[in-house]
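Order of the sequence lines sets the chain letters (A, B, ...), proteins ahead of strands, with each chain counted from 1.
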Number of protein chains: 2
Amino acid sequence: MDITIKLITAAEQLFDGHGYMATGMDRLTEAAGISSRTLYKHAGSKSALMAAVLTERDRRFMRQIDVLSVDALFAALEDWIRIEGARGCLFLRARAETGGETPEIAEAVSAHKSAFRDRISDIVAADIGDADPDLSEQILVLFEGATHAAVYRDGAAIEAARAAASVLVEKTRS
Amino acid sequence: MDITIKLITAAEQLFDGHGYMATGMDRLTEAAGISSRTLYKHAGSKSALMAAVLTERDRRFMRQIDVLSVDALFAALEDWIRIEGARGCLFLRARAETGGETPEIAEAVSAHKSAFRDRISDIVAADIGDADPDLSEQILVLFEGATHAAVYRDGAAIEAARAAASVLVEKTRS
DNA sequence: AAGTATGTAAAACGAACGTTTTACATTGCA
DNA sequence: TGCAATGTAAAACGTTCGTTTTACATACTT
């Protein structure tokens with residue numbers, strides 16, 4: 001299997017489960033089954049590896065929420081969390097752990113959040129037939145809230161977000 | 001000024017701004033203006049200091065959201081963020097950075113989230129006149145979402161949450 | 001006036017950090 | 001056949017980590 005994929009997959013899992021800073025390089029090499037020399041040949045540095053993990057996760061996540069209705073968006077989130085688990089947004093966590101002081105990471109985070117926001121606007125537009133910035137912002141807040149409340153409220157948080165979103169969309173549609 | 005207060009205040013600021021793991025003990029002693037010997041006399045360990053910071057923050061935060069209506073709740077959040085800034089939930093961040101593997105911290109986090117949830121249930125009950133678990137869960141999700149979306153969406157996230165909450169409360173009231 | 005707390009400054013602890021280096025094995029292309 | 005390229009294993013790099021210790025100063029308490 002391709003080394004870069006193995007490395008990024010292992011790194012994402014460890015960063016997600018134990019935190020970025022709390023995950024040492026030896027734990028990464030062991031989990032990926034590669035030597036530290038090879039790790040640095042491929043990743044360059046720990047910061048670069050973190051940024052690469054975020055870039056790859058952005059691709060996977062954006063594919064997951066490639067839907068055409070608000071309801072499908074929250075169904076997609078439910079699927080995502082059932083498979084990935086709920087430990088908060090890995091992008092916001094990366095920014096928080098680095099204090100936003102690592103440029104390559106800060107950039108990966110804001111690129112993702114920008115794309116995420118655009119995607120939600122598109123979904124809202126497809127659902128109700130027109131662009132609606134206010135409703136889009138509300139859906140974004142509900143999605144972000146479901147993601148983080150799910151850490152300690154599990155499925156109930158996503159169900160609540162989905163129901164609330166349905167009310168807001170119906171109200172706008174009429 | 002009392003040393004423990006000085007220490008916890010400085011620690012909260014540093015943990016919030018730069019991350020828990022990324023903040024070293026020497027940075028804490030320097031910011032608090034105390035020796036490392038005194039720090040360990042008072043805090044015991046870094047984990048204990050983190051837990052103490054969370055316990056104290058829980059007190060401040062709960063006082064901040066001591067309100068009687070859902071709208072006042074989001075007004076309180078707006079005030080909080082204007083003063084404290086928006087860097088996500090310090091409790092969820094602590095759990096994430098430690099992977100939930102530090103008992104004293106995990107306990108402080110779940111104690112806070114439990115109290116937080118109870119408070120929201122009380123506010124909803126006071127606002128609409130009766131307990132409403134479903135609406136309470138939706139308000140909790142909106143609050144959590146506003147807290148985290150505000151990191152990159154600033155005031156717009158809180159305004160959106162407030163407006164959405166108003167719609168949901170009005171719908172329930174009628 | 002003596003003794004007990006409580007503080008500082010600074011060195012030292014071993015362990016772990018991210019990263020680089022040395023030495024060697026394997027592979028694939030000229 | 002030989003030379004890059006690419007991998008591993010393992011030691012070593014200097015730094016920083018959380019924590020403890022040593023030595024000393026400054027107060028209260030009785």
Problem - Outermost nucleotides of DNA chain C that come under 4.0 Å of a non-hydrogen atom of chain B - result: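 Counting from the 5' end, contacts occupy dG7(C) to dA10(C).
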Practice task
Anything under 30° is parallel, anything over 60° is perpendicular, the rest tilted; go ahead and classify Trp80(B) against Phe61(B).
Solution key: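 Correct class here is perpendicular.
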Practice task
Name the orientation class of the two ring planes belonging to Phe74(B) and Phe143(B) (parallel below 30°, tilted from 30 to 60°, perpendicular beyond 60°).
Solution key: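 Ring orientation of Phe74(B) relative to Phe143(B): tilted.
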Problem - Arg82(A) bridged to Asp79(A) by N-O distance under 4.0 Å - result: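 Yes.
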Handout entry: Backbone N/O of Asp16(A) and side chain of Arg93(A): donor-acceptor pair under 3.5 Å
Key =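 Yes; judged by distance alone, with no hydrogens or angles, the pair exists.
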Practice task
Look at the side chain of Ser114(B) and the backbone N and O of Ser110(B), then say whether any donor-acceptor pair between them is shorter than 3.5 Å.
Solution key: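 Checking the backbone N and O of Ser110(B) against the side chain of Ser114(B), no donor-acceptor pair under 3.5 Å is found.
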Practice task
Anything below 3.5 Å on both distances counts as a pair; with that, list the stems of at least three consecutive Watson-Crick or G-U pairs involving DNA chain C.
Solution key: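 Stem list for DNA chain C: C:1-12 with D:19-30, C:14-17 with D:14-17, C:19-29 with D:2-12.
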Whole angstroms only, please: what is the [atom1]-[atom2] distance between [X] and [N]?
X: Arg27(B); N: dC17(D); atom1: CZ; atom2: P; value: 9 Å
X: Arg37(A); N: dA12(D); atom1: CZ; atom2: C1'; value: 14 Å
X: Leu39(B); N: dG18(D); atom1: CG; atom2: C1'; value: 10 Å

Practice task
Using salt bridge (Lys or Arg N to Asp or Glu O under 4.0 Å) as the criterion, point out the one residue from Lys6(B), Arg59(B), Arg60(B) that pairs with Glu12(B).
Solution key: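 The salt bridge (Lys or Arg N to Asp or Glu O under 4.0 Å) with Glu12(B) is passed solely by Arg60(B) among Lys6(B), Arg59(B), Arg60(B).
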Problem - Residues clustered with Ile83(A), ILVMFWY side-chain links under 4.5 angstrom - result: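 Ile83(A) shares its hydrophobic cluster with no other residue.
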